[in-house]
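Naming: A, B, ... by sequence-line order, numbering from 1 per chain.
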2 protein chains.
Amino acid sequence: MTPTPTTTPRTTGVPPGAGSSASRQHTLRERNLRLVARAIYEAAPPPSGTTPPSRADVAAATGLTRATVSTLVDHLVAARLVAELAPTSSQRAGRPAVPLVPARRTVVGLGLEVNVDYLGVRALDLAGDVVADAVERGAFHDSDPAGVLGRLGALAADVVTRLEAEGMRVAGARLALPGLVDARTGELEVAPNLGWSSLDPVGLLGLGALPVHVANEAKLAALAELAGEVPPSFLYVSGDVGIGAGIVVDRSLFLAERGWNGEVGHVVVDPAGPRCSCGARGCLEQYAGKEAVLRAAGLPLDAPLGALVAAIEADDDGARDALHRAGRALGSALADFVNLTGVSTVVLGGVYTELEPWLRDAVLAVLRERVLAAPFVELDVRAARAGQHAALSGGAREVLREVVADPVAWG
Amino acid sequence: MTPTPTTTPRTTGVPPGAGSSASRQHTLRERNLRLVARAIYEAAPPPSGTTPPSRADVAAATGLTRATVSTLVDHLVAARLVAELAPTSSQRAGRPAVPLVPARRTVVGLGLEVNVDYLGVRALDLAGDVVADAVERGAFHDSDPAGVLGRLGALAADVVTRLEAEGMRVAGARLALPGLVDARTGELEVAPNLGWSSLDPVGLLGLGALPVHVANEAKLAALAELAGEVPPSFLYVSGDVGIGAGIVVDRSLFLAERGWNGEVGHVVVDPAGPRCSCGARGCLEQYAGKEAVLRAAGLPLDAPLGALVAAIEADDDGARDALHRAGRALGSALADFVNLTGVSTVVLGGVYTELEPWLRDAVLAVLRERVLAAPFVELDVRAARAGQHAALSGGAREVLREVVADPVAWG
DNA sequence: GCGGTTTGTTGTACGGATGAACTATTGCCG
DNA sequence: CGGCAATAGTTCATCCGTACAACAAACCGC
């Protein structure tokens with residue numbers, strides 16, 4: 001009866017993206033390559049006392065045969081993702097093992113960042129070494145996105161050409177921005193402190209073919225903590241003018257929907273409190289934001305953080321008290337955070353890192369009072385350990401994590 | 001030099017559980033079996049108008065060859081996980097397809113629950129049909145765990161023997177409890193409304209070899225929503241005396257660390273508010289808990305929910321106002337929840353389901369004010385659709401999800 | 001009833017992991 | 001100093017699961 005006898009698109013009943021994709025033979029190889037790469041990489045950094053693993057060690061750890069591991073490792077070595085050290089004759093009998101370590105200065109990841117008072121580029125190699133670092137101070141409050149991102153792009157391009165001249169391959173880049181970034185599209189919705197909104201930062205960088213992903217600054221900074229010893233899951237809270245957070249679960253970022261989580265700065269501490277820029281009343285930001293703390297301590301809003309530390313160390317009771325009250329408010333909001341996410345470790349980043357000695361007790365005390373599971377878990381509050389401009393390191397690290405997760409793409 | 005020449009345990013440098021395990025040939029088959037099973041199962045339920053997929057449809061959807069899909073489907077049919085319908089001669093040319101559907105009454109999952117006023121067992125088959133349902137009312141406030149769980153175990157054992165007599169296999173069970181359950185060990189730390197603490201519920205059930213996992217009631221109830229049409233990620237908030245929640249991300253439960261998340265009942269709404277049983281002040285429970293709402297509406301604390309609904313429908317301004325205020329408080333706590341998790345859909349469960357018509361506007365209004373990403377996402381607040389005793393269905397469903405995820409174990 | 005069409009099956013080829021040898025290189029001990 | 005035990009890494013035949021292509025089966029329309 002239908003006049004058009006064309007092939008009618010049938011409703012098959014199977015939804016299109018139902019689950020992951022089909023596994024073929026080469027999927028197997030990819031997965032095992034990843035397994036071997038991870039075994040080598042995760043063995044490397046913190047317990048530096050131990051010898052790097054050999055092919056046989058990797059075989060034992062992964063459950064693969066020595067034969068299989070051998071061919072896989074050969075691939076990784078050929079791809080310059082893994083390097084062999086000189087066979088160190090151990091004190092044991094038998095043929096000496098060939099230690100396998102992450103390759104140095106072969107493949108690098110790039111971390112980019114624009115924040116209120118600086119922009120920068122950092123490159124890490126697979127061993128975690130900083131092979132390039134370029135930070136420019138500036139005042140980017142209410143700045144021009146095209147100009148600033150163009151400048152950052154030029155800086156990054158310089159770094160890339162220099163590294164490539166030295167024979168390294170740049171695997172990709174992560175751009176950290178202090179705002180709401182759509183984890184799916186990579187577009188920036190709004191960055192209040194920069195005065196930016198609704199733009200595509202990757203295009204403005206002008207970095208050509210280099211794959212660049214964009215993310216929120218606090219979230220990339222959270223990933224930088226993974227370079228050291230941390231529990232597999234933690235909340236990274238970054239204090240600045242605003243207060244952002246990254247949720248790390250099993251060593252990877254929690255990004256439901258579009259990744260707009262961790263907005264701890266606008267958790268209500270007191271509905272009768274002062275009005276916040278977001279329109280609500282009594283947001284945490286009004287108690288524990290950088291400006292709120294400086295004001296409470298009787299310091300000018302543009303005072304450097306060192307001034308606050310100096311005041312405390314000079315036994316300024318006002319300053320100490322300001323931090324104590326900020327810590328209680330922070331604890332209150334973090335109690336909600338912990339109650340809602342079930343993650344029991346809090347890492348204090350941003351300006352909180354330096355202030356941690358005077359914040360920690362108050363935060364922890366409130367957490368102990370208010371977290372329901374407190375009797376059954378070990379609550380932990382600690383300072384971040386990733387150093388200056390953590391988002392740069394975290395971003396670069398994340399690029400390399402992808403390389404290790406899919407070594408085939410880099411063979 | 002060491003006096004004992006035994007093999008010294010070497011420090012290999014590779015951490016033991018580094019990543020997943022090795023992929024062998026049969027891993028490939030397992031993964032593809034899962035893929036095929038999912039394609040068939042996910043195609044089945046909601047768009048019932050469409051024809052079930054054929055082998056060729058599954059091949060097209062998964063990217064596998066028709067040949068491969070054929071052998072895999074044959075396995076699933078032999079394992080009685082999938083059934084073939086009669087080849088329906090469609091109106092198209094060509095050999096008629098054999099529609100593939102989830103098998104009925106072959107493998108079933110069991111949902112168990114003990115709550116304050118009832119205990120029950122429910123069995124679902126792979127098609128989602130209820131094949132057994134046994135609920136007993138009771139008053140289990142401050143009850144004896146061994147007695148109550150023993151009774152539930154006996155009830156479950158009856159169901160199991162009856163179903164097995166009919167030729168079905170019981171794949172496992174999930175026990176829902178209104179308290180803090182350790183997602184790793186399955187132990188119950190505390191269930192205030194039952195007066196239980198520090199016990200191993202699985203042992204007290206006495207169900208022998210049947211694999212039973214334990215989980216929080218709200219979390220299993222959340223999973224029941226997946227039977228209908230829901231977004232892949234949502235917050236399920238279950239109102240009762242206490243207020244619990246389940247966080248569903250990409251159609252599976254978010255369970256960081258020990259799964260102690262979603263404690264939205266103790267988010268602070270007002271630090272100057274009334275004291276809560278948890279020790280803090282102004283917890284959401286004091287504003288939007290069942291008893292708080294009844295009290296505010298001028299009803300006795302043990303009044304049935306219907307009384308509140310009746311009062312509202314009789315234009316009782318006090319009752320309507322009580323719900324409006326509860327909705328505002330709920331909205332405030334949920335705004336924190338949404339800001340912290342980034343999940344923008346809220347499903348109202350428990351007593352909130354029935355009250356949703358009078359809660360929704362207030363909740364949504366506060367969310368629109370307070371969620372930072374509100375301008376960029378579609379916030380949604382809706383009533384649960386899973387029906388009575390959702391945790392029973394959610395638990396049973398979860399068992400079956402595991403069966404489908406690893407069909408090899410049931411071949 | 002015959003070509004066209006779609007479904008499902010059969011046989012061959014190929015890629016990748018395995019396990020059992022085998023080689024390589026050391027320490028230990030007589 | 002030479003044989004032996006021990007450990008690391010490699011080689012090769014085999015197995016397993018998927019792809020590809022050809023084929024059989026069952027329908028449509030004309």
Please determine whether a side-chain nitrogen of the Lys or Arg among A:Arg251 and A:Glu225 lies less than 4.0 Å from a carboxylate oxygen of the Asp or Glu. no

Write out a two-atom table: protein N or O, nucleotide N or O from nucleotides 19-22 of chain D, distance below 3.5 Å.
unit_1: D:dA19; atom_1: OP1; unit_2: A:Arg24; atom_2: NH1; d: 2.6
unit_1: D:dA19; atom_1: OP2; unit_2: B:Thr65; atom_2: N; d: 3.4
unit_1: D:dA19; atom_1: OP2; unit_2: B:Thr65; atom_2: OG1; d: 2.7
unit_1: D:dA19; atom_1: OP2; unit_2: B:Thr68; atom_2: OG1; d: 2.7
unit_1: D:dA19; atom_1: O5'; unit_2: B:Thr65; atom_2: OG1; d: 3.4

Given atom NE2 of A:His75 and atom P of C:dG15, what is their separation to the nearest angstrom? 12 Å

Whole Å only: how far is the CZ atom of B:Arg29 from the C1' atom of D:dT18? 9 Å

Check residues 64-72 of chain A and write down every donor-acceptor pair under 3.5 Å in which the side-chain atom is one partner and the other belongs to a residue at least two apart or another chain.
unit_1: A:Thr71; atom_1: OG1; unit_2: A:Thr68; atom_2: O; d: 2.8

Check A:Arg55 with A:Glu84, please: is the shortest side-chain N to carboxylate O separation under 4.0 Å? yes

Non-neighbouring partners of A:Phe234 that pass ring-ring contact (aromatic ring centres under 6.0 Å, His included), sequence neighbours left out: none

For B:Asp125, the salt bridge (charged side-chain N to carboxylate O under 4.0 Å, His left out) test, sequence neighbours excluded, returns none

Whole-Å distance between D:dT18 P and B:Arg31 CZ? 12 Å

Nearest-angstrom distance from the residue atom CG of A:Asn32 to P of D:dG17: 15 Å

Distances under 3.5 Å between protein N/O atoms and the N/O atoms of nucleotides 25-29 of chain D, please, pair by pair.
unit_1: D:dA26; atom_1: N3; unit_2: B:Arg95; atom_2: N; d: 3.2
unit_1: D:dC27; atom_1: O2; unit_2: B:Gly94; atom_2: N; d: 3.0

When rounded to whole Å, the CG to C1' distance for the pair A:Leu85 and D:dA8 reads 16 Å

Establish, from distance only, whether the side-chain atoms of B:Arg80 and B:Thr106 form a donor-acceptor pair under 3.5 Å. no

Of the listed nucleotides (C:dG8, D:dA8, C:dG16), which one gets closest to any side-chain atom of A:Gln25? C:dG16

Looking at B:Arg24 and B:Glu30, is any side-chain nitrogen of the basic one under 4.0 Å from a carboxylate oxygen of the acidic one? no

What's the closest nucleotide to the B:Arg55 side chain, out of C:dA17, D:dT10, C:dT9? C:dT9

For the pair made of CG in B:Leu28 and P in D:dC15, what is the distance, rounded to whole Å? 19 Å

Is any side-chain N or O of B:Ser54 closer than 4.0 Å to OP1 or OP2 of C:dG8? yes

What residues, two or more places apart in sequence or in another chain, satisfy side chain to side chain donor-acceptor pair (under 3.5 Å) together with B:Asp406? none

Between D:dG9 (P) and A:Leu72 (CG): distance, integer Å: 14 Å

Quick one: label B:Val98 by what it contacts on the DNA or RNA (base, sugar-phosphate, nothing), any heavy atom closer than 4.0 Å. sugar-phosphate

What is the separation between atom CG on A:Asp74 and atom C1' on D:dA8, rounded to the nearest whole Å? 13 Å

Kindly say if B:Ser70 contacts the phosphate of C:dT9, meaning a side-chain N or O under 4.0 Å from OP1 or OP2. yes

Before giving the answer on salt bridge (Lys or Arg N to Asp or Glu O under 4.0 Å), spell out for B:Glu402 and B:Arg174 the whole-Å C-alpha distance, their side-chain angles and the decisive distance to 0.1 Å. CA-CA 11 Å; B:Glu402 265 189 9; B:Arg174 284 284 187 290; 3.1 Å; yes

